[in-house]
Amino acid sequence: MVAKKSTRQRRGSPKAAYEPSEVESKWQKEWEKGGLYETSNAPKRKKYILDMFPYPSGDTLHVGHVEGYVGTDILSRFERMRGADVLHPMGWDAFGLPAENYAIKTGINPDQSTHNNIKIFKRQLTNTGMSYDWDHEIDTSSPEFYKWTQWLFILMYKRGLAYKKMADVNWCPSCETVLANEQVVEGKCERCGTEVVQKKLSQWFLKITKYADRLISGLDKIDWLEGVKVQQKNWIGRSEGAQVKFEVENDKAGQFISVFTTRPDTLFGATFMVIPPDSEWVEKLTTKGKKDAVSEYIKLETSRTNKVGEEKGKTGIFTGSFVINPATEEKIPVWIANYVVSGYGSGAVMGVPAHDARDFDFAKKYDLPIKWVIESTRGKANESEAYTGEGKIVNSQEWNGWTTPDSIGKVIEYLEKKGTGKKQVQYHLRDWLISRQRYWGAPIPMVYCPACAKKGLSWFTTSIGSDGAGNSKFEIRNSKTNKKNENLKFKIENSADWSAGWYPVPEDQLPVYLPKDVDFRPTGESPIARSKEFQEGVVCPNCGAKAKREVDTMDTYVDSSWYFIRFTDPKNTSEFASREAIKQWLPVDTYVGGGHVVQHLLFARFFWKVLFDAELLDESAGDEPFLKLRAPGWILGQDSRKMSKRWGNIVTPDDIIPKYGADTLRMYEMFMGPFDAVKPWNLTGVEGMWRFINRVWRLVVENDKVNLVEEKDQQEVVRVQHKTIQSVTKDIEELHFNTAIASLMEFVNLLQDKAQESTDHRLQSMAKKDAIVGRQRPASTRPASICVERASPIAGSQSTVDRIICAEWKDAIKALLLLLAPFAPYITEELWHQTGSESSIHLQPWPEFDPELIQEETVAIPVQVNGKFRGTIEVDQVQGRDQKEVETRARESVPKYLEGKKVNKVIFVPARLINFVVS
RNA sequence: GCCGGGGUGGUGGAAUGGUAGACACGUCAGCCUUAAGAGCUGGUGGAGCAACAGCUCCGUGCAGGUUCGAGUCCUGUCCCCGGCACCA
C-alpha cells in the first residue's frame, strides 16, 4: 500500500527518506542505554501519572488499550519537559482467572503463560514509544508483591475489617467450583453451560461498608468525571428513612418485625407486609393450615434461576399470620413474595400499594386493600396507578396536612416518641467477599487451629476505653482468658467479628507462598487444598498445635487496590512502601483508565482510607488516592463494532507499527477525536497521519536553508509559533490531544507555505522570470531553499555547501519539534539530532510563549445587522477597541443593509463584534 | 423504569453566548508522471440566482423560550450510547 519502500523514495532527492523502522529501533536502543526515563529519588515538583495496569492475557494489546497509555505518555513527557519529576510506571495485574482457565485447558502452569504474555505486552509497549521507568515494574503474582498483599489483609484483620462468615456463592455443579459473578453468563457456567446454583460457604469479607459515608463524601474533593462519581454514589446507595416495628399478632405477641422505609409518611397506607422466601420469619409465621402450600411455593421460587436482567412476575403466598400496623393499630396480613430482596434493610417490607408501584401490582394481583394516604399537591391522584411522588398526608388522623419533605421528619419524631420506630440509614453497598476457591491468586494468610476452635479460642478485639477525643480504643485479647496478646503490636480501632480457631499468620512468616505442587484442575475444592507442601509444618500461632492454612486465595481486586502505592517503592523488602516514598509521590496526580468505575476504583479508595486511618500514609498524601481521573473512550473496529475476535476486527499496534511506525500510530490515535469519546478505527485516517509525519520530515530535512525575506513573513511565523505553543500547552494540560495536533498541523501548513515562498523567491532571483511565471514548479526539481540576505550558519555543519538559514525559521522548526516531541517521540528525536543538536529532545525544556507576540496587528471585526452576519472590517488592534472608529467603518462596509433604516441600538464588543439593531 | 453522556457536512470531529463546520479523511478538477503511487495547486454544508471575480436564502435531532445575537443558556419532546435495575 502506501508504505511500500519504493514509494517513499523521492526520485532525485539527495536527502534520506523517512524510514520509521530504522529511526525507531535506533532511538529505542539509545534511550535504553541512556536511562532516559529514570525516576528521580528526590523529586522537587512531583507528578505521578498512572495508567490502570493491564491484565496480561493471551490476547495481545490492541489499539484500544494503547490509547490510554499514549495519553499518559504524552502527559508524562510534557511534564518532564516542563521540569517536573515524573513517576510514570507500568506493571502487571498478573493473578486472575483467565490464566488459570488457560492452564486447566492446556496444562501449562499459569505462572509460565502469564510471564510469556508479560514479555509480549512489554515489547508492544516499548515499541509504541512508552516512556515507562521499567525499574519500577511490579508483578502482583510475584512473592515480593503478594507478601505485602497478605500483610495488608492481616492489617485489615487486626483493625477489625476482615471477618469470616457463611455466604451464598455461585457454584457450578458440573465443574464443582465456585464461580465469580463475571463467570456466570445468563445464569449458566461460562465454561460448561451448566445452570449455576447458590451454595453456602464460609467466606472472608472485608468491611467496606464501614467506610460507606467517607467513600461518598470523599468524592466531593477530587477531580473525576461527574458520571463516575454518580455511579459510585449509586453503588454505595445511601438512603435515609425509618425503621418501623410491627408487632406480630396472636400467640406470637411480643415479637416484632422491623421494616425499612424511605416513606414513613405513608405508614397509614400499609395494608400488608411482605417477606422474602428465605426469610427467617417464614417458618415462624406460617400457620399450620398454610404449611404445605407455603413450602411448595418456596420450592418453586428457589428452583427458579434468576436470570440477569429478566423481569420476574410478582408472585406470593399468604402465611396465615398478621402483624399490627403501629399507626392504624389494625392487623394486616403477612405475605411471602418473590419481589422482596433479602439482605437489604431488615429483609421485610411494609406493603403500601397506593404509593409504591411494586406493592400496587402485588395488591392488584392478590386483591389486597389499597388505601390512599398521600395527595399530590397538583390535585387528585389517578387511581389506576400508585402515586409515588411528594404530597400532603391525608386519611392519617393527626398526621393529616403534613407535607413532604417536612412530613418525613415529623413522622419519624412521632414514631420515636411512641417507641415504634426510629430514623435509619441504609446502604446498598455490601461487604466485599474476597475468598476465591482458586489457585492463581494470593493465599489468604490465615491459619485454622482445630484445637483452639474446640476450646472456642481466637483472638478478638476488645474496647479498652476512649482516647479522649471520643474515639474508642481497642486491643486484641484472647477470647477465653481475656489475656492481652503481646505478640501483636498495633493499634486496634474496632471490634471485629471473629471465628473460633482462626489466627493470622505471624508477620515474620510472610509471604505464604503459593504452592507449586498443585494440580489446578477443578475437583470441587480449592486446588491448593491438594498441595502437600502448603500445609507442611503449619502450627497454631496461639497454642503451637498442628494447624491448617486457609486454602482459598484472594480476589485479584485486592492486588489492584494498593499496587499504585507499591509503584513508589517497588523493591522495598521491609515495608509495603516506605513513608518517605509515599510522601514523595502520592497521591496520584493523574489516573487514566477505562471501565472499573465501581469495583476497582471503589476498592482502591477503601484501602487507601484504611491505610490513612492506620497512619501508614504520610498525612500530606491526603485521604483520597487519585486526584484526577480520566477515562479514554473505546476504540471501535473499522466496522463500528466493538473490537472482538468474534468480528475479526481487532487492530493491534503490531499491525500498524511495521508499516507506519509508532509515531504515526500514536498521533493518529490522539487525533481521532476527544480522548474520552468512543470512536471507530479508520485505516485511511492512519494514512493521513502518515502523510503528515512525512510532511514534517521533509519540512525539516529539505528546508535547511530557508530565509524569510519579507519582514511580514518573519512576523507571521513568529506569531503563529507563539500561538501554537500557547494552544498546544493548554490542550495537553486538558488532555485535548486532538486539537493540540490540529494546531500543530496548522503550524506545519504555514511553515510549508513559507518555505515554498522562500524557494520561489530564490528561483525568481536565479532564473529568468518567464521560466517560472505561469508554470508549476515540478517537485522533483525543487531545490533546497536559500537565504541570501541574512546569513547565520549552523554550528557544526558537515555540509560543504554553506548552510544558510534565518533565525526566525530555525527557531520555528525548533519549537515545532519540541511541541511535537511528546506525541511523536522517535521522529522528533531523529530530526532534533539531524538539525545539529547533541542531547535528547526529551530532555529539553518545554518552549515558552510571549503573549505580546501572539497579538495580530489588525483584527477582523464581524459586522452584524439585526444579529445577521453581513460583512467584516479590518482594523488595527487599537482602533478595534474604539467604538466610534469601528462604527464609522462598519456603517461604510454594509451600506445596503442600513440604507433607509433607523438604527435603534448599536451593540459593540471591543475588538470582537459590532451589531446594528435596525427597524 | 431510574441515573449519567450524547445528537453539528459524505466521514472523524472544531467552535470563552459573538463570522458554524478549525484540523483531517473522502471526493472532484488541475500539475507532475510512459504508467501507478507519492508529491504539489485549487474546489468541496445544502438550495437557488448569476456565469470567470458576485449575490440571496436555508442550515448544529424536533418544538418552543430567553437575548441585539443561541450549536452553546432555559422548558418540553424524540432518538442513540453507557451504567444500574423489583433496594421499599
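Both backbone and side-chain heavy atoms feed into the values below; hydrogens, waters and symmetry mates do not. All values derive from a computational prediction rather than experimental measurement. Throughout, protein chains are lettered first and strands after them, A, B, ... in sequence-line order, and every chain is numbered starting at 1.
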Below 4.0 Å: OP1/OP2 of B/rG18 and any side-chain N or O of A/Lys868: no
Non-hydrogen side-chain atoms of A/Leu898 and A/Val865 separated by less than 4.5 Å: yes
Protein-nucleotide distance (A/Ile236, atom CD1; B/rC84, atom C1'), rounded to Å: 14 Å
Nearest-Å distance for atom pair CG/P, residues A/Leu898 and B/rC68: 19 Å
Cation over ring face, A/Lys642 and A/Trp647, 6.0 Å, 45°: no
pair A/Leu267-A/Met350: side-chain heavy atoms closer than 4.5 Å: yes
Aromatic plane relationship, A/Trp335 with A/Tyr366 - under 30° parallel, 30 to 60° tilted, over 60° perpendicular: tilted
A/Met643 side chain reached by A/Val63 side chain, heavy atoms, under 4.5 Å: yes
Nearest listed nucleotide, side chain of A/Glu746, among B/rC23, B/rC55, B/rG18: B/rC23
Glycosidic conformation of B/rG71, taking syn as within 90° of 0 and anti otherwise: anti
Summary of protein contacts for nucleotides 3-16 of chain B, nucleotide by nucleotide, where a base hit scores B, a sugar-phosphate-only hit scores S (4.0 Å, heavy atoms): SS-------BSS-B
Euclidean distance for C1', B/rG13 against B/rU60 (whole angstrom): 13 Å
C1'-based separation of B/rG65 from B/rC55 [nearest Å]: 33 Å
Cation-pi geometry met for A/Lys245 and A/Phe256 (6.0 Å, 45°): yes
Gap between atoms CD1 and P, on A/Ile914 and B/rU19 respectively (whole Å): 15 Å
Residues forming a ring pair (Phe, Tyr, Trp, His ring centres under 6.0 Å) with A/Tyr344, sequence neighbours excluded: A/His428
Nucleotide pairing, RNA chain B (Watson-Crick or G-U, distances under 3.5 Å), in dot-bracket with [ ] and |: (((((((..(((.....[....)))((((((.......))))))(((((....)))))..(((((..]....))))))))))))....
Distance in angstrom units between A/Glu687 CD and B/rA38 C1', rounded: 12 Å
Atom P, compared across B/rG82 and B/rG48: separation rounded to whole Å: 40 Å
Residue whose nearest RNA chain B nucleotide is more 5′ - A/Asn866 or A/Ser743: A/Ser743
Residue whose closest nucleotide on RNA chain B lies nearer the 5' end, A/Leu913 versus A/Tyr344: A/Leu913
Verdict with reasoning, A/Tyr297 to A/Thr315, per side chain to side chain donor-acceptor pair (under 3.5 Å): CA-CA 9 Å; A/Tyr297 171 76; A/Thr315 63; 2.8 Å; yes
Distance between C1' atoms of B/rU72 and B/rA20 (Å, rounded): 11 Å
Residue A/Val917, side-chain atoms from C-beta onward, closest of B/rC68, B/rC23, B/rC86: B/rC68
Touch class at under 4.0 angstrom, heavy-atom based, for A/Gln752 against every strand present: sugar-phosphate
Separation of B/rC40 P from A/Leu751 CG (nearest whole Å): 14 Å
Proximity of A/Tyr18 and A/Trp690 rings by center, below 6.0 Å: yes
Nucleotide B/rC23, atom C1' - distance to CZ of A/Phe692 in whole Å: 10 Å
Closest listed nucleotide, where the reference is the side chain of A/Arg695 and the choices are B/rC40, B/rA88, B/rC86: B/rC40
Atom-pair distance (OH on A/Tyr339; C1' on B/rC86), nearest Å: 9 Å
Closest listed nucleotide, where the reference is the side chain of A/Thr684 and the choices are B/rC25, B/rC86, B/rC23: B/rC25
Side chain to side chain donor-acceptor pair (under 3.5 Å) assessment of A/Tyr339 paired with A/Asp359: CA-CA 9 Å; A/Tyr339 75 96; A/Asp359 296 340; 2.7 Å; yes
Side chain to side chain, A/Glu67 and A/Phe675, heavy atoms closer than 4.5 Å: yes
Short side-chain N/O contact to B/rA24 OP1/OP2 from A/Asn749, under 4.0 Å: yes
Spacing between A/Gln864 atom CD and B/rA70 atom C1', to the nearest angstrom: 12 Å
Side-chain-base donor-acceptor pair under 3.5 Å for A/Lys905 and B/rC68: no
Separation of the P atoms in B/rC62 and B/rG9, to the nearest angstrom: 10 Å
Whole-Å C1' distance, B/rG71 and B/rU8: 7 Å
Below 4.0 Å: OP1/OP2 of B/rC25 and any side-chain N or O of A/Arg691: yes
Any A/Trp681 side-chain heavy atom under 4.5 Å of A/Asn649 side chain: no
Whole-Å P distance, B/rU27 and B/rC80: 32 Å
Touch class at under 4.0 angstrom, heavy-atom based, for A/Gly345 against every strand present: nothing
Atom P, compared across B/rA24 and B/rA35: separation rounded to whole Å: 29 Å
